[in-house]
Amino acid sequence: MSSLRRTEIASLLKEATINEDVLIKGWVRAFRANRFIALNDGSSFGNVQVVVDFENFDEDLLKEISFHSCIEVLGTVVESQGAGQKYEVVAKEIKVLGASNPDEYSLQPKKQTLEFLREKAHFRMRTNTFSAVFRIRHAIAYALHKFYHDRGYYYMHTPIITGSDAEGAGEMFHVTTFSPDNAPRTEDGEVDYKKDFFGKQTNLTVSGQLQAEIAALALGKVYTFGPTFRAENSNTTRHLAEFWMIEPEVAFNDINDNMDLAEDFSKYLINFILDNYPEDLAFLEKRILDMEKQMPKEQRRPMPLIETLRFVVDNEFERITYTDAINLLRNSKPYKKGKFEYDVEWGVDLQSEHERWLVEKKFKKPVIVVDYPKDIKAFYMRQNDDEKTVAAMDVLFPGIGEVIGGSQREERHDLLVKRMQEMDVPEEELSWYLDLRKFGGCPHAGFGMGFERMVLFITGMSNIRDVIPFPRTPGNAEF
RNA sequence: GCCUCUUUAGCUCAGCUGGUUAGAGCGCCGGACUGUUAAUCCGUAGGUCCUUGGUUCGAGCCCAAGAAGAGGCGCCA
């Protein structure tokens with residue numbers, strides 16, 4: 001068509017030279033009045049408007065310019081006569097790269113529900129909503145690397161296939177080359193994993209934490225970022241069987257440093273998106289506001305999306321001990337009026353309704369709860385001097401709940417061994433983990449942030465399946 | 001895993017107390033119009049009422065079982 005190099009729409013929208021010829025390619029978002037094509041190539045939220053003098057184009061060609069068809073346009077940049085945009089491109093030549101028969105195409109140029117689009121995961125990224133979500137998802141991933149790199153952390157790749165099942169973070173997916181029908185058996189009739197690929201039973205990782213601790217005790221400050229798998233039968237808007245987790249682990253940090261890091265990190269990610277993706281955020285915010293118009297007032301968000309994000313970065317997270325949280329809850333109105341479904345009692349984990357009350361009603365901002373009873377937390381968390389609690393923390397966000405869970409790790413060998421025995425954690429399997437306490441151990445701390453939960457919070461979406469391109473949930477592994 | 005709700009046109013939904021030919025908006029298609037921004041106006045087509053079984057003179061509607069989807073809870077990130 002032309003020897004011109006393709007101009008990306010993002011750069012065209014940023015700075016265009018009047019009367020210059022450009023070559024653009026993209027997918028048709030709308031074709032109005034047989035004259036105006038809204039073209040998008042994914043490089044930005046904004047579309048470029050292509051103006052077609054339909055009198056000068058072949059009718060059959062114009063017919064092929066349909067919703068989400070892919071076209072190439074050679075045209076001239078001019079100042080727009082219309083109100084919606086500064087520049088537009090007057091088409092000289094149009095070539096259809098990929099037609100899309102509107103009779104058969106399952107997406108339509110109208111509002112469609114997220115549930116419907118979820119079933120069309122191969123097309124849903126072409127919508128405004130999902131392209132905005134996935135641009136932001138990318139940007140959060142970039143920002144997290146930048147945050148840690150700029151602060152001298154090392155990105156550590158922990159294994160996806162693990163040989164230990166002692167991490168205690170949930171049900172695991174087994175990894176095997178055996179066929180379920182005729183796996184080798186031992187004399188007792190058990191599956192003989194000694195004959196399996198790795199010579200032992202292996203699983204998909206549920207956390208990179210234990211390995212990250214190895215790295216932290218050598219490189220000082222490290223983080224992991226990778227896929228994590230939980231075979232829990234969780235059917236909620238905030239659980240996935242395959243999700244991504246960020247796990248910093250820092251030598252010499254105590255629980256307070258850990259809380260500082262969690263807060264700084266969360267705010268950095270939110271700020272990065274506020275600074276760099278205002279258009280996408282504005283669109284997502286408007287989408288929610290439109291949707292909420294049909295909802296009763298009490299179900300609406302207390303603040304629009306961008307205001308919520310600003311509020312979170314501008315205010316300190318509330319820090320409160322588990323014990324104080326219990327006291328607050330027991331003195332709360334819903335508790336006294338018997339509105340809570342579950343009882344509030346020291347030693348029992350906070351239920352969703354209790355966390356929601358703390359975050360959404362009492363403090364109205366992210367809350368960090370620390371010093372949980374040791375019996376409801378993992379074996380590796382550091383015992384506090386009261387001998388009843390451990391230096392564990394959860395960071396709770398409005399609307400989502402737990403986004404971060406972390407702790408100072410137990411670095412005292414004898415105490416760790418005692419705890420493992422109490423909780424029936426096999427010492428032999430974790431001898432390497434105990435070695436870290438025997439040979440040059442030190443206080444250290446870290447946490448895990450659910451990546452998709454952060455994406456949920458920043459985009460304001462309500463179902464976690466809509467912030468990962470190809471969600472894996474119980475009964476669903478399409479695409 | 002538990003509880004609740006939903007399933008009717010391509011999509012989103014309405015459908016009265018069980019009663020004749022199941023409707024609307026949007027989308028698609030055809031036409032009109034042509035500086036539009038969710039364009040507008042007119043018109044056409046489009047249905048396994050989720051599936052199976054039952055009750056009934058008669059079932060989209062009632063009953064039973066199953067399937068799929070959504071939400072809440074639990075587990076957690």
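So you know, we letter chains A, B, ... as the sequences are listed, proteins then strands, and number each from 1.
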Just to be sure I understand the rule, does A:Asn463 reach a base, reach only the sugar-phosphate, or reach nothing, if contact means heavy atoms closer than 4.0 Å? sugar-phosphate

Can you tell me how the ring of A:Tyr153 sits relative to the ring of A:Tyr223, calling it parallel under 30°, perpendicular over 60° and tilted otherwise? perpendicular

Write down the distance between OH (A:Tyr105) and C1' (B:rC28), rounded to a whole number of angstrom. 14 Å

With a 4.0 Å cut-off on heavy atoms, is A:Glu104 in touch with a base, just the backbone sugar-phosphate, or nothing at all? nothing

Counting the atoms with a prime plus P, OP1 and OP2 as sugar-phosphate, which does A:Gln49 contact under 4.0 Å by heavy atoms, base, sugar-phosphate, or nothing? base

Should the ring pair A:Tyr277 and A:Phe272 be called parallel, tilted or perpendicular, given that the plane angle runs from 0 to 90° and is split at 30 and 60? tilted

Would you mind classifying the nucleic acid contact of A:Asn233 as base, sugar-phosphate or nothing, using non-hydrogen atoms under 4.0 angstrom? base

Short side-chain N/O contact from A:Gln108 to OP1 or OP2 of B:rC28, under 4.0 Å: no

Rounded to the Å, how far apart are A:Phe45 CZ and B:rU37 C1'? 12 Å

A:Ala83 near the nucleic acid: base, sugar-phosphate alone, or nothing, with a heavy-atom cut-off under 4.0 Å? base

Looking at A:Thr113, does any N or O in its side chain come under 4.0 Å of the phosphate oxygens OP1/OP2 on B:rU12? yes

Hey, does A:Phe116 reach any base, or is it just sugar-phosphate, or nothing, if we go heavy atoms under 4.0 Å? sugar-phosphate

Pair assignment for B:rU6, Watson-Crick or G-U wobble, requiring both distances under 3.5 Å: B:rA68

Any idea how A:Phe340 and A:Tyr335 line up, ring-wise: parallel (<30°), tilted (30 to 60°), or perpendicular (>60°)? tilted

Could you pick out which residue, A:Phe54 or A:Phe451, lies toward the 5' side of RNA chain B when each is mapped onto its nearest nucleotide? A:Phe54

Residues A:Glu263 and A:Arg319 bridged, charged N to O under 4.0 Å: yes

Closest-nucleotide mapping onto RNA chain B: is A:Ala241 or A:Ser106 further toward the 5' terminus? I mean the 5' end. A:Ser106

May I ask you to verify if any side-chain N or O of A:Arg465 is less than 4.0 angstrom from the OP1 or OP2 atom of B:rG71? yes

Applying a 4.0 Å non-hydrogen cut-off, can you work out what A:Glu247 is touching in the nucleic acid: base, sugar-phosphate, or nothing? nothing

Contact between A:Asp349 and A:Tyr372 at the side-chain level, heavy atoms closer than 4.5 Å - yes or no? yes

With both distances kept under 3.5 Å, what pairs with B:rG27, Watson-Crick or G-U wobble? none

If the cut-off is 4.0 Å, is A:Arg32 near the phosphate of B:rU36, judged by side-chain N/O to OP1 or OP2? no

Can you check the A:Phe67 CZ to B:rA38 C1' distance for me, whole Å? 11 Å

What is the nucleic acid contact for A:Thr236, judged by heavy atoms within less than 4.0 Å: base, sugar-phosphate only, or nothing? base

With respect to the phosphate group of B:rG35, does any side-chain polar atom (N or O) of A:Ser80 fall under 4.0 Å of OP1 or OP2? no

Within the structure shown, what part of the strands sits under 4.0 Å from A:Gly82 by heavy-atom distance: base, sugar-phosphate, or nothing? base

